[in-house]
Each structure stands twice: as C-alpha cells, then as structure tokens.
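Worksheet for the structure shown next.
The first residue of the sequence shown is numbered 1, and numbering continues consecutively from there. Each ligand, and each atom within it, is numbered from 1 in the order the structure gives.
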Amino acid sequence: MTLHHTLQATDGRARAGTLHTAHGEVPTPVFMPVGTAGTVKAMTADAVRATGARMILGNTYHLMLRPGAERVGRLGGLHRMVDWDGPILTDSGGFQVMSLAKLRKMDRDGVTFRSHVDGSKHRLTPERSIEIQHLLDADVTMCLDECIPFPATEEEAARAMRMSMLWAARCREAFVPREGYGLFGIVQGGVFPELRAESVRALTEIGFEGYAVGGLAVGEGQEIMFQTLDITTPLLPADKAHYLMGVGTPSDLIGGVRRGIDMFDCVMPTRSGRTARAYTSRGVMNMRNARFADDATTLDPECNCPACTRHTRAYLHHLFRAEEMLGPMLLTWHNIRYYQRLMERLRAAILAGRFEDEAARIEAGWEAGAA
Ligand code: GUN
Ligand code: ZN
C-alpha cells in the first residue's frame, strides 16, 4: 500500500490520526522540524529523536545545489546520509526558488534560476523535482508549485494556481509509486475562495496520497490565514492527510488543528532557538534580555528538555551573551520539544473529546506569563 493516513478520532473539525509511511507510523497532528540542508540546524539526529519528533522535512532546492541530488542518492539517500531512520518529507523547490534564488525565470514548463550559493545556473521542472525527491528517498514527495507573494491580484493568483495545477498533473505522471511512499498535491489560489475551491477540484480529480495547503503565512496575517483555511480544509478529502506548509507559531498550530490540519512544518522553533527566542508554556521569552542575568529559575517548569531540567535561565542568558554555540543548541532543543509537547497535548485532547478545553488551557498559560 502507498503512504496513507488513518483517523482515530475527531473533535469538532480537529483530527487525531496516524500517517503510515515506509519509515514508520507517525501520530497526527504532527509538527515536522525543518532539516533544510540535511540537518536540523544545531541538533544531532539523536537529539532530534529525543525531542519526540517522528518526522522531519528536507529541501529539494538546497540539496540539489549542495551536495547535489545524485550525490545524496549515491550516499544511500537522505535517511542514511543524515542518520534519520524515520519518515522524511521533502519540499519540491518551487517555494525556495522564489524566496532564495537569484535571477529566476519562470515559464510554463518550469523555472530556471541561479544558485544563491555560487551563482551557478539550474533548472527545475515538475519531472526533475520528482526525480530529485526520488533520489533523496523522500517518504512524502511534494508537487512542484508556484507560491505567489501577498498581496497579489486575483488574476495573478489565478494564473499561478492554474499553472501549479498543470504541474501537479505532470508530477503525478512522473512519480513512481512504491510501498509506503506518497505524493502530495498543494492547494494554491491566494486568499480567493473561488480559486481555492477550483484548486481543490483540480487536485482531487488527479488524486494524491495527501493534500497540502500552500501559499499561506506569506504576510496575510493570522486572521486571513484562518479564514482561508475555513473555506479550504472542509473541501479536502477527509480520508487523506491535510498539511499546512510553512506554519507557524504555537497559536497558528492550535488554530490549524482546530480547522482540520494534520501536519505542519516551520523554521520558527529552530530559527528562533538560534536567536535566543524561547517558546514556553508561559509565552515567548528572549533569553538575551537583561532581566534573566540573575534568574536562577527553570526556563519552563513544564518542560523536560535538557535546557529546562539541567540549567537556569541565567546560564542560558550567559551563553547567548557570550555567543557560545551551546546557547542555540539548548534553545533549539527546548523549542522543538515545546512544539512536540504541544502536538502531543492536542492529540491526547482530541482523543479524549476535550480539544477546546485543552486549547483554552494552553492559551491561558501564555497570557498568564505575558502579564
Ligand atoms: N512552504 C510554505 N509555503 C509553501 C508553498 O506554498 N509551496 C511550497 N512548495 N512550499 C511551501
Ligand atoms: Zn525545555
């Protein structure tokens, strides 16, 4: 059987399920730490596992440029290269080309661009993106798409979405099915309900092992993002996984789960960890702040990560002030653990039929800390 998703419980529109992959089962809702260039930055694979993370994300764009997709293939694939025996989802490259590459030239067949690393010229087509993701050995392969910035006109959103749907059909053709592996389509259409509906119709007609909602968290703000989810996720096939790409804050995750999302990825816990921002049960804290210099308490008393069980806020503050690399390492670990614990709590609450209670309890903790 190809990669698939089963449901254990629903509570309102929130879902608790299991993603069945070639590299094991993943309880959903799931947050996938981002391992862009073959590493979850500042973390060994053992450390990532110890946070409770079950699935990670890799990037076609970065890995095709360095060390090269064929080379990763010769090294036995991404799992072997990075020492991650759990499932891996790879993004298709389109989004990163638009945000990182230089001198992009998009045409109906694909996109040509210059590498942000060394200026060399490269081309991605739907077929080549799928071929690269096969070489990487991704459990979940994503379709090549075009994600437009916000704001965009309805004409521009329609053009990009329709081209992405043509590319999705070509990705489906190019994808080689294997036991436990799957291809996800990506819904586009900006903030326009009719375009989102048209995109879902086009993708469900082709048929995918899962459905992603793309083109969000690109500057529209949480309220518009939630409105777009409200009109999109109810249209997605209920028996397939729903993945919200590139999202988000802990509050975004609760709102996404509430609206029927099963999978998330975001650089936020890792990137924030490297810049001294800690997500905690009492809200966000910047560990560089002078108020932590003599704070001998625990970063987050509800957390069981090494930063919280073995160190003080004052020590974390010192590490960042002294620019010691252990600071980013400990805070990345903590932030990923916080995100995993958040998803574990939401899943348990859905199974117990008390999702809204638990969401309110978590949000009340953030507010208490902010006061
Ligand atoms: N990551 C965040 N948003 C997107 C999107 O719309 N498309 C792709 N491919 N990746 C994303
Ligand atoms: Zn912690």
Shortest non-hydrogen contact from [X] toward [Y]:
X	Y	result
Met287	Leu316	CE-CB, 4.2 Å
Arg172	Phe208	NH1-CA, 3.6 Å
Thr125	Leu144	C-CD2, 3.5 Å

Thinking salt bridges, do [X] and [Y] make one under a 4.0 Å N-O criterion?
X	Y	answer
Asp300	Arg282	no
Glu209	Lys240	no
Arg361	Glu358	yes

State the atoms of ligand 1, each with its element, that fall below the 4.0 Å cut-off from a heavy-atom position in [X].
X	value
Ser92	9 (N)
Gly214	5 (C), 6 (O)
Met245	1 (N), 2 (C), 3 (N), 4 (C), 7 (N), 8 (C), 9 (N), 10 (N), 11 (C)
Ile186	9 (N)
Cys147	5 (C), 6 (O)
Gly215	5 (C), 6 (O)

Give me the residue, atom name and distance of the protein heavy atom closest to [atom].
atom	answer
atom 10 (N) of ligand 1	Asp91 OD2, 2.6 Å
atom 4 (C) of ligand 1	Phe95 CD1, 3.4 Å
atom 7 (N) of ligand 1	Asp145 OD2, 2.7 Å

Given Ser120 and His122, is the side chain to side chain donor-acceptor pair (under 3.5 Å) satisfied, shown in steps?
CA-CA 7 Å; Ser120 57; His122 297 267; 2.8 Å; yes
Asp11 side chain vs Phe355 backbone, donor-acceptor pair below 3.5 Å:
yes
Starting from the Zn ion (ligand 2), look over the N/O/S atoms of His334 and name the nearest one.
ND1
Output field for angle at the Zn ion (ligand 2), Cys308.SG vs Cys305.SG, rounded to 10°, should show 110°
Can you find a non-hydrogen atom of Gln188 under 4.0 Å from ligand 1?
yes
